[in-house]
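Here is the structure we will look at.
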Amino acid sequence: MIEEPFPIENGVFMFYDSNERKYYFTSATLYVPAGTKAKYQATGGWNMFENIVEMKPEPYEVKDDQTVAVKVLEPDETGKVEIPEKVEIDGVEYTVTEIAEDAFKGNTDLTEVTIPGTVTTIGAGAFEGCTNLKAIYVLSPTPASLTTVAATRSAQYKAAGMAVSQFEGIDLETCVLYVPFGSEQAYREAEGWKEFKHIVGVHGETDPMLTVTANSYSREYGEENPVFEFTTEGATLDGEPVIECEATPASPVGTYNIIVKKGGVKNYNDTYVKGTLTITKAPLTVKVEDAEREQGKENPQFVLTYTGWKNNETESVLTKKPMATTTATKDSPAGVYDIVVNGGEAQNYTLSYVSGTLTVTVPSSINFTPPLSQGEGAWYDLQGRKIKGQSVKKGVYVVNGRKVVIK
């Protein structure tokens, strides 16, 4: 296709109608490159065509490496262009890796463009003069290379007062460059890209993987849950996840899931891994109170006290009550004996035991009816009073003229 038409003789495309014996200009349609119709209409010979139609340029060009460069794409009715990652040409699929030089040059209808992650090169002047461009979305975390024009062309451009950079004429104060979250610094340091005053990280399919894992914990029955926390791996976390656990202080011994959810996290490629809360038995101390009795009497009912109850519970929650025992019997001599407690069981408690002591004392009185035996005679206290049939307490007595001491 000839973008700069040259003059031709006016009669080149005339034909003679022998029936009507007249010359007519051809009725054929002249197809010319886009943007050149006015040039053909102003050029001798070509201007004889009544129908001159500008052809739409090919949007893509297949390169030697079998990838594709974007030559030109028209915005939609909202002014947006979304460059695809792959295109099909003549039944063959190609990957788009380049935006050619001057691809969108001077397109004042363009307001927003999305550049896929497959694009690695952007030619000089690609967006030159796109004065209404307000947003560029780049999906690659690695800044594409911005090629420069050849030195000869650069000199020609400069001499003609034309731009040679990719973004010449764009208002870099108002046009926002959106890049994958976490790659903002890379663009702020890349040649050409760093000229944008507003570089904003956004989330999407290009996000690196983020894994959020709830930490696992252990606590005793009846206690409050700890403050649940989490760890992250991979991408930088943007936002705050939510952590939940159904366990309460009243929940029985067991294992409970700690669920971590997306919550306010803005990352795109994110996964969440649960943790566990293990509730263990609470310690419960069982103590038997010390006891005392006289020799010859039955052991008393031993008293147990508990320390460590949770949730205002009592011994009613025990699945098996502990027992207190001693080796002392009714006939055991005076002395101190251990009271041992054990044998208790509970779903939510681990029992420990504190032993007590049983003190067996000499009786404070002797239970018999005087006289002690047949023929011993009467008992008298020191005041001379006769002791009749009753218990004899400790003391000194006179029996048949003899002094008897009861200890």
Side-chain angles (χ1 to χ4, degrees), residues 67-68 70 73 75-87 95-99 103-104 110-122 126-127 130 132-146 166-167 170-215 227-244 257-275:
T67 63
V68 160
V70 175
L73 290 176
D76 63 17
E77 63 277 5
T78 65
K80 300 178 181 179
V81 167
E82 183 171 346
I83 299 173
E85 289 187 355
K86 296 181 181 295
V87 295
T95 299
V96 178
T97 61
E98 181 181 344
I99 300 175
F104 297 93
L110 183 63
T111 61
E112 179 182 305
V113 62
T114 300
I115 302 173
T118 56
V119 170
T120 58
T121 305
I122 300 177
F127 297 98
C130 297
N132 291 318
L133 186 56
K134 301 301 180 186
I136 301 176
Y137 289 87
V138 184
L139 303 186
S140 173
T142 302
S145 173
L146 305 180
Q166 281 75 3
F167 309 114
I170 297 175
D171 188 348
L172 301 179
E173 290 283 352
T174 59
C175 183
V176 181
L177 178 62
Y178 296 95
V179 300
F181 181 79
S183 65
E184 299 94 329
Q185 192 59 34
Y187 279 85
R188 293 189 181 108
E189 296 174 355
E191 288 299 325
W193 299 105
K194 66 183 181 181
E195 304 303 325
F196 285 86
K197 305 305 179 185
H198 302 286
I199 300 177
V200 179
V202 295
H203 296 285
E205 294 181 0
T206 59
D207 275 12
M209 180 61 68
L210 167 70
T211 302
V212 182
T213 303
N215 295 342
V227 176
F228 297 128
E229 296 182 343
F230 58 87
T231 56
T232 63
E233 183 178 1
T236 302
L237 174 67
D238 184 14
E240 192 72 17
V242 172
I243 304 182
E244 300 174 347
N257 287 330
I258 302 174
I259 306 298
V260 57
K261 300 179 179 179
K262 189 176 185 72
V265 174
K266 299 176 182 178
N267 296 69
Y268 188 86
N269 291 324
D270 47 346
T271 58
Y272 300 86
V273 181
K274 67 183 179 181

Tell me which donor-acceptor pairs under 3.5 Å the side chains of residues 227-239 have, and how far apart each pair is, sequence neighbours excluded?
| from | atom 1 | to | atom 2 | distance (Å) |
| --- | --- | --- | --- | --- |
| D238 | OD2 | H203 | NE2 | 2.8 |

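Between the side chain of N257 and the backbone N or O of I259 there is no donor-acceptor pair closer than 3.5 Å. At least one donor-acceptor pair closer than 3.5 Å links the side chain of K262 to the backbone N or O of N267. Judged purely by atom type and a 3.5 angstrom limit, D171 uses its side chain to pair as donor or acceptor with the backbone of E173.
For N132, there are no side-chain hydrogen bond (donor to acceptor under 3.5 Å, both in side chains) partners at least two apart in sequence or on another chain. Every residue meeting the side chain to side chain contact (heavy atoms under 4.5 Å, CB included) condition with A186, not counting sequence neighbours, appears here in chain and number order: P143. Residues passing the salt bridge (Lys or Arg N to Asp or Glu O under 4.0 Å) test with E191, sequence neighbours excluded: K194. With sequence neighbours excluded, no residue forms a side-chain hydrogen bond (donor to acceptor under 3.5 Å, both in side chains) with K274. Every residue two or more places apart in sequence or in another chain that forms a side chain to side chain contact (heavy atoms under 4.5 Å, CB included) with T120 is listed here: T97. With sequence neighbours excluded, no residue forms a salt bridge (Lys or Arg N to Asp or Glu O under 4.0 Å) with K80. Partners of I83 under the side chain to side chain contact (heavy atoms under 4.5 Å, CB included) rule, at least two apart in sequence or in another chain, are V70, L73, V81, V96, I99, F104, V113, I115, P116. Applying the salt bridge (Lys or Arg N to Asp or Glu O under 4.0 Å) rule to E195 yields no partners; only residues at least two apart in sequence or on another chain are considered. For the side-chain hydrogen bond (donor to acceptor under 3.5 Å, both in side chains) test, residues two or more places apart in sequence or in another chain that qualify with T95 are K86. Residues meeting the side-chain hydrogen bond (donor to acceptor under 3.5 Å, both in side chains) test with Y178, sequence neighbours left out: none. The side chain to side chain contact (heavy atoms under 4.5 Å, CB included) check on E205 picks up Y268, with sequence neighbours excluded.
Between I258 atom CD1 and E244 atom CD the span is 12.0 Å, to the nearest 0.5 Å. Within the model, atoms CD of Q166 and CD1 of I122 stand 7.0 Å from one another, a figure rounded to the nearest 0.5 Å. Distance NE2/H198 to OG1/T174: 8.0 Å, rounded to 0.5 Å. With rounding to the nearest 0.5 Å, the separation of CD in E82 from CG in D76 is 9.5 Å.
Of all heavy-atom pairs between G117 and L139, the closest is N-CB, 3.7 Å. Across all their heavy atoms, N269 and G204 have their closest contact at ND2-O, 4.1 Å.
You'll find the side chain of Y272 stays beyond 4.5 Å of the side chain of K261, heavy atoms only. Residues W193 and I199 fail the side-chain proximity criterion, which asks for heavy atoms closer than 4.5 Å. I136 is listed as a side-chain neighbour of C175, based on a closest heavy-atom distance under 4.5 Å.
For F196 and Y187, the distance between ring centers is not under 6.0 angstrom.
Around atom NZ of K134, more than 12 heavy atoms belonging to other residues, nucleotides or ligands sit under 6.0 Å away.
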